[in-house]
Amino acid sequence: MLKNEDKYVFGCFAAKSHITLAPWNPKVIKKVAPMLEGYIVNKKTIRVPSNWKVDEKLLIAIIKENLRFNDE
């Protein structure tokens, strides 16, 4: 988990068959939705395959948006 003071910014969890990306904010997921095609998207998490090639642009977008929403 990555936190900024007392607020969560991003988390991830590696399971056998997938990796869960966790911005913990439905507003963030909605904002980056165009980048999530092909992934399993839940209310507060995104599931990618365990062999996922890291999408740096997606991770940076999630973190930037979460920091912006945390400042509101």
Query - Shortest non-hydrogen contact from Val32 toward Ala61 - result: CG1-CB, 3.9 Å
Query - Nearest heavy-atom neighbours spanning Lys44 and Pro23 - result: O-CD, 3.6 Å
Query raised in the report: Does one hydrophobic cluster hold both Val54 and Val41, with members joined at side-chain heavy-atom distances below 4.5 Å?
Result: yes
Query raised in the report: To the nearest 0.5 Å, how far apart are CZ in Phe10 and CG in Asn66?
Result: 9.5 Å
Query raised in the report: Can you pull the side-chain hydrogen bond (donor to acceptor under 3.5 Å, both in side chains) pairs that have at least one residue in residues 23-34, sequence neighbours excluded?
Result: none
Query raised in the report: Which pairs count as side-chain hydrogen bond (donor to acceptor under 3.5 Å, both in side chains) when at least one residue sits in residues 49-60, sequence neighbours excluded?
Result: Tyr39-Trp52
Query raised in the report: What's the spacing between Ile29 CD1 and Leu21 CG if we round to 0.5 Å?
Result: 9.0 Å
Report task. Decide whether Leu2 and Ile46 are clustered together by the hydrophobic rule: side chain heavy atoms of Ile, Leu, Val, Met, Phe, Trp, Tyr closer than 4.5 Å, transitively. Result -> yes
**Report entry** Any pair counted as salt bridge (charged side-chain N to carboxylate O under 4.0 Å, His left out), so long as it reaches residues 60-70, sequence neighbours left out
**Finding:** Glu65-Arg68, Arg68-Glu72
**Report entry** Cluster link Met35 to Phe69, ILVMFWY, side chain under 4.5 Å
**Finding:** yes
Query raised in the report: Does anything in residues 1-17 pair up under side-chain hydrogen bond (donor to acceptor under 3.5 Å, both in side chains), and if so which pairs, sequence neighbours excluded?
Result: none
Requested in this report: Spell out, yes or no, whether Leu67 and Leu59 are grouped together once hydrophobic residues are joined by side-chain heavy atoms under 4.5 Å, including indirect joins.
Outcome: yes
**Report entry** Distance in Å, Thr45 OG1 paired with Ile40 CD1, rounded so as to fall on 0.5 Å steps
**Finding:** 9.5 Å
Query - Set of residues satisfying side-chain contact (heavy atoms from CB on, under 4.5 Å) with respect to Ala14, sequence neighbours excluded - result: none
